[in-house]
Amino acid sequence: MDGFDAPYVPGWDCHGLPIELVVEKAHGKDIPAARFRELCREYAASQVERQKADFIRLGVLGDWDNPYLTMDYRFEADIIRELGKIQANGHLYLGAKPVHWCVDCGSALAEAEVEYEDKTSPAIDVAFPVADCSDLAQRLGLEAGGDCPAYAVIWTTTPWTLPANRAVAVHPDFVYDLVRTPKGLLILARDLAEAAIKRYGFETVETVAQIKGADLEGLTLQHPFYDFQVPIILADFVSLEAGVGLVHIAPGHGHDDYIAGLKYGLEVANPVGDDGKFYADTPIVGSQSIWAGNKTVLQTLTDNGHLLAEEKIQHSYPHCWRHKTPIIFRATRQWFIGMDKEGLRAKAMQAVADTEFFPAWGRARLEAMMKNRPDWCVSRQRNWGVPITFFMHKQTGELHPRSQELLEEVAKRVEQQGIEAWFSLDAKELLGESGELSAEHYEKAKDTLDVWFDSGVTHACLLKEREGLKHPADLYLEGSDQHRGWFQSSLLTGCATDGHAPYEALLTHGFVVDGKGMKMSKSKGNVIAPQKVSDTLGAEILRLWVASTDYSGELTISDEILKRVVEAYRRIRNTLRFLLANTADFQMAEHEVAMDRLLDIDRYALALTRQMQEEVLADYRVYSFHTAVQRLHHFCSEDLGAFYLDILKDRLYTSGANSRARRAAQTALWHILQTLTRLMAPILSFTAEEIWALTCKSDSVFLSVWHELPRQADADGLLGRWARLRELRGLATKRIEEFRAAGQVGSSLQADIVFLADGTDFDLLASLGDDLRFVTITSAARVERAPGDTRVEVAPLSHEKCERCWHVRPDVNVDPAHPGLCGRCVSNLFGEGESRAYA
RNA sequence: GGGGCCGUAGCUCAGUGGCAGAGCAGCAGCCUUAUAAGCUGCCGGUCGAGGGUUCGAUUCCCUCCGGCCCUACCA
C-alpha cells in the first residue's frame, strides 16, 4: 500500500527437541531411529497445518500455499550447504565442552530435560599443598619462605570431579587469610575462615597474614592426590555463601569451570566415559563408577591427610527427568562456531552497528550479548535434526581432506531423500573401503545441528533461493526473547557466510501479560488464549488489540481491556458506516464538486484528513501502530463525530439531494472514506476489505495504494482558522449546556446564541456570515463586537420547530402550501435552494 | 546473582526542563435524521517511591519498590 512489493513467506522450524519429546511420549523411546524421525516429521507437519489455520484466521497475508519448512528435503540440504560454507570459511572447529549427561540414558540432555531436585552429597574440605612456599611468602610480604606446609583449601560436593581438577579459583576482590593451624598454614577467605576452622575442629589458630584474591593469581598448588600441579586463577563467580571462598575447578565437569578454563587455557580433562565410569587408565579411580569414585577419592584424601572435613549436605541438584537420577556434567566432543577464530565476533559487532532497531534499545541488548557470548556449540546428540555431515578420522578426529566435496555429495542425496539419506548412508559408499582416505579410517559424524542453526540460516535457504525475495531481508520481527535466539543465530550465520547481517532492521516486541502486568500461567488461571478472543470477539478485535497496545514493553490483556478495544472498534466502524450511508447516492464521476467550489468547512475537513493521514503513515513507517490507532480513533470521534459529521448532518439531510451544498459535502466524505478505508486496512483488515467490496471494483484494498487527497495551497490557513473556530464553538456548547441543565433548552437547535468578541475572534466568527449557526448547530447565531475575552450568550427560542430540518425559525409555516416547513426547507425542496459558502 | 526494558487518570496511550492531555469507562443531561447509534457537560492524577542537579523535574542523575524478557541458578 506504500508502493512497495513486500512479500512475506511464512515458515516453520520443524526439527528439534520439543517435537522429539512429544513423539517419545506418544510412542515410547524404544523405536528405531529411522522410524522415530518419520514420526517426528509427521507430527511436525500436523502442527504446521494447525498453526497455519490460526494465522490465516487472523488475516495474516502471506504465501500460505508455499511456506518454507526447514524439514523440506531441499531445505535440509541447503542447511547442510550453509554449514559447509561456514566450515570453508574457517569458523568451525571441534572442541570439548561439558554437557548435562545422563548415565542411564547414556546421552547428553538438553536443558529442558533437566529437573532440579534435592540430593544428599558428601561435602568435603580438601587441602591443596602450596607448591612453592617462598612464592607465597613473597606475595604475602613475609620474611623468608620456609614456612611450610601451606595449603589452599577448597570445598566441594562432588569429590569424584577432583581427578579432573585443573585449577583452584579465588575471587579477585575477596580478602584471604593465611591461618596457622596444627595441620599447617591454611589459605581461607577471611569471612569464612572462622566457620571453616570450627569445622576442622581446631581450637587455637593464628592469622599470619592477609592477601587479596587478585594477588594469589598464578600461585602453584600441588594436586591433592595426583602428581601434577594446578594454578590459582581468578573468577568472579566465586562467592562467600558457602565453602571457603576457594573453588575447585574442573573444566570438564562444570559450566563455570569450563568458561574459566577457557580464559586460562586449562585442559578440559574428562576422565569419565559414556557409562559414567572412569576410563580404565585413570589413576586411582580407573574403571570405577563416579559414585564409587566419590568414596575412593575420599579414602585417598583421608589416607594422605588432605581431607580437612567431611559432612553430608542436602542441596538442589540436576536430575534426568526421565530416570529421576542425578546427572553429571561431562565434557564431550562438540562442534563449535568460533567467535574469534576468524574474526566472527568483530564482524557481528559491525553488523549490529549497521542494523536499524525498533525499539532502539534492541541494539544495546544485542551488542552486549554479542560481546560476551562464548563460542556457539552447534552440535546436538539428537535424532530429529539436520545431521552434521562430516567424515572424521577415527583416531585423530581430523576432518576428511575432501570434506567440502563430500558434503556437497551428501547434500545432493539429502535433497532427494531428506536427512535420512545421511543416517542410512554407509561411509564406504562415498569413501571406498580401503586406503588412507577410506571408510577404513574415517567415520561419519554422529551429531545433529542445533535447531538454532536451522532457523539461523533461513535467510540463505529461503531468501537467496526463492524468486522474488530480497536478501538481506527488510525486517526480522520477533519477541524480545529472540535476541538470544533467532536474531543472534541469523546474525552469526550471516556474518560467517556473507560477512554481514541477513536483515536490515530488527523489530522486537514484549510478551503478553495479564491486566496486572503478571505473566500468564495455567496455575494462576490468568491465561487469555488468542483463539478464545478470536472465537468470541472476532479476529478483528484481536488485531485491534495488538495494534493498539504498545508492544515495546509487555502487552497487557484483560477482559476490561478487550471491552475498551471493542468500544474503539465500534466507534471506528460506525464512523465508516456513516460515511458509507451518506455517500450511497454519490458517484464521484458524476457528482464530484471541484475543490474550489467546496464549502470552507469541507476544505478544512480535507486538510485535516490529509494531515491525519500523513501522521498515521509516519507512524506506520516506524512500526508505531498503537499511535496510529489512537490517531485514527481520535479522528473518527473528535474531528468527524463530534465536529464535522455532526455539523454536516443538516446539510446532508436538508439541502437538495443534488444541490451543490450536499454534493460538496459528499465529495469531502468520499475522500475521507477512501482515505480511512485504506489507512485502517493494515489493522482493521477485515472491515476495510468489507468496505472495499462495497465501494470499489478491484479485488482487494491491499492492491491499492494510500488515497491521494487533493492538495490545498491554503491548508495551513484553513487548519489554523478552524482550530480557533472549534475553540470558540466549545465556548458555545459549554454555555448551552448550562441552559440545558437549567431546563431552558434541550436540543442546541432550541438556542439562539450571540458571540461577544473582538479583534481576530470577531473577524473570524463574522467571516462565516449566516453559516455561523450551522457550525454551532443552533437555529440562530450572530456575533457582536464587545471588548474583553470572547464569550457567549444564550437565549432559548420559542418559535415553531420545522418538522423537516428541526431548526426553530420564525418562518416556519410561512408557505401555506407546505405547513410545518421553514422557508429554507421550502426553498430546498421546491425552489432554488439555499446557498452556503462556509458550513 | 548478572544483562536489557517498563511504571502518566479505573483501562489503553499521548506529552514536555516551565499550568499534566486524548479516547474509553463512570456520573449528569440532550437527541431520536449513524439508533444494540449520535451530541454535550462533569468527575477523575502525589506522572511507582525516596533522594540529588536546577530558579523550576513527570521530564536529567542516583537509590529503592513492583513487573517483563534473557541468562545464571552454583563449588
Side-chain angles (χ1 to χ4, degrees), chain A residues 116 123 154-158 161 168-169 235-239 241-250 253-257 315-318 359 361-369 371-373 479-485 508-513 515-519 545 548-550 552-568 570-571 573-582 626-627 629-631 633-634 636-638 640-643 645-646 649-650 652-654 730 732-738 740-741 743 745-750 777 804-806:
Chain A
Y116 287 83
I154 63 96
W155 180 79
T156 182
T157 57
T158 50
T161 61
V168 169
D236 289 332
F237 63 80
V238 175
S239 80
E241 275 165 42
V244 291
L246 292 89
V247 178
H248 134 64
I249 299 293
H253 291 311
H255 187 254
D256 282 342
D257 304 41
H315 60 157
S316 166
Y317 191 88
W361 52 256
R363 182 190 309 280
R365 185 162 176 182
L366 198 56
E367 213 169 51
M369 287 178 170
K371 205 165 148 189
N372 298 319
R373 72 157 295 154
S480 62
D481 59 331
Q482 295 300 326
H483 284 92
R484 177 52 77 190
T508 193
H509 59 80
F511 280 70
V512 181
V513 295
K516 295 190 187 97
M518 297 294 211
K519 188 207 271 210
W545 165 73
S548 61
T549 303
D550 179 1
S552 69
E554 305 98 75
L555 292 82
T556 45
I557 192 166
S558 68
D559 289 337
E560 174 173 7
I561 291 167
L562 287 169
K563 219 186 258 176
R564 305 285 160 261
V565 172
V566 170
E567 293 291 339
R570 285 219 189 102
R571 184 68 206 216
R573 188 170 191 279
N574 277 329
T575 303
L576 269 300
R577 222 157 59 131
F578 181 93
L579 295 178
L580 279 172
N582 283 284
H626 70 285
T627 49
V629 169
Q630 285 209 46
R631 274 186 228 286
H633 186 263
H634 188 266
C636 286
S637 50
E638 285 295 285
L640 294 184
F643 180 71
L645 300 185
D646 204 27
K649 283 174 192 169
D650 179 80
L652 288 167
Y653 302 152
T654 69
T733 52
K734 197 167 174 150
R735 194 87 176 94
I736 291 169
E737 184 65 23
E738 289 171 26
R740 180 147 46 219
V745 297
S747 158
S748 58
L749 286 173
Q750 291 164 15
I777 317 185
R804 182 166 175 279
C805 76
W806 298 352

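Residue numbering restarts at 1 for every chain, and letters A, B, ... go by the order of the sequence lines.
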Got a donor-acceptor pair under 3.5 Å from the side chain of A:Lys563 to the base of B:A25?
no
Go ahead and name the base partner of B:G66; Watson-Crick or wobble counts if both distances stay under 3.5 Å, otherwise write none.
B:C6
How would you label the contact of A:Arg564 with the nucleic acid (heavy atoms, under 4.0 Å): base, sugar-phosphate, or nothing?
base
Taking atom P in both B:G41 and B:A22, what distance in whole Å separates the two?
11 Å
Who pairs with A:Thr156 by side chain to side chain donor-acceptor pair (under 3.5 Å), at least two apart in sequence or on another chain?
A:Thr158
Any side-chain N or O of A:Arg577 less than 4.0 Å from the OP1 or OP2 oxygen of B:U35?
yes
It should be established whether A:Arg573 places a side-chain nitrogen or oxygen under 4.0 Å from OP1 or OP2 of nucleotide B:A34.
no
Quick one, give me the B/S/- string for nucleotides 1-7 of chain B, reading 5' to 3', where B means a protein heavy atom under 4.0 Å from the base and S means that only happens at the primed atoms, P, OP1 or OP2.
--BSS--
Phosphate OP1/OP2 of B:G41 contacted by A:Thr733 side-chain N/O (<4.0 Å)
yes
Base, sugar-phosphate, or nothing for A:Asp646, non-hydrogen atoms under 4.0 angstrom?
sugar-phosphate
Which part of the nucleic acid, if any, lies within contact of A:Arg804, taking any heavy atom under 4.0 Å across all strands shown: a base, the sugar-phosphate backbone alone, or nothing?
nothing
Considering Watson-Crick and G-U wobble pairs with both distances under 3.5 Å, what does B:C60 pair with?
B:G52
Salt-bridge present (A:Glu738, A:Arg735; N to O < 4.0 Å)
yes
Considering only the P atoms, how many Å lie between B:U8 and B:U59, rounded to the nearest integer?
13 Å
As a test of reading the structure: which of B:G29, B:G38, B:A75 is closest to the side chain of A:Arg740, going by heavy atoms?
B:G29
Before giving the answer on side chain to side chain contact (heavy atoms under 4.5 Å, CB included), spell out for A:Gln482 and A:His509 the whole-Å C-alpha distance, their side-chain angles and the decisive distance to 0.1 Å.
CA-CA 10 Å; A:Gln482 295 300 326; A:His509 59 80; over 6 Å; no
Determine the interatomic distance between P on B:G52 and the same-named atom on B:G29; round to the nearest Å.
50 Å
Nearest-Å distance for atom pair CD/C1', residues A:Glu567 and B:A34
16 Å
Need to verify one output field. Residue with the more 5' nearest nucleotide on RNA chain B, A:His633 or A:Gly730?
A:His633
Rounding to the closest angstrom, what is the interatomic distance between B:C65 and B:U54 at atom C1'?
26 Å
For B:C39, does either OP1 or OP2 sit under 4.0 Å from a side-chain N or O belonging to A:Arg571?
yes
Which whole number of Å gives the distance between the C1' atom of B:U46 and that of B:A20?
13 Å
Separation between the C1' atoms of B:A25 and B:G66, rounded to whole Å:
25 Å
Earlier contact from the 5' end, RNA chain B, for A:Lys519 and A:Gln750:
A:Gln750
Nearest-Å distance once atom P is located in both B:C19 and B:A57
12 Å
Counter-base of B:A28, judged by Watson-Crick or G-U geometry with both distances under 3.5 Å:
B:U40
Just call it for A:His483: base, sugar-phosphate, or nothing, with non-hydrogen atoms closer than 4.0 Å on any strand.
nothing
Does A:Lys734 place a side-chain N or O at less than 4.0 Å from the phosphate oxygens OP1/OP2 of B:C42?
yes
Side-chain N or O of A:Thr549 closer than 4.0 Å to phosphate OP1/OP2 of B:U12
no
P atoms of B:G7 and B:A14, separation to the nearest Å:
9 Å
Applying the Watson-Crick and G-U wobble criteria at under 3.5 Å, what pairs with B:G21? Answer none if nothing qualifies.
B:C13
Over all strands shown, is A:Thr556 touching base, sugar-phosphate only, or nothing at heavy-atom distances under 4.0 angstrom?
sugar-phosphate
Where the side chain of A:Ser548 meets the backbone of A:Val629, is there a donor-acceptor pair that is under 3.5 Å apart?
no
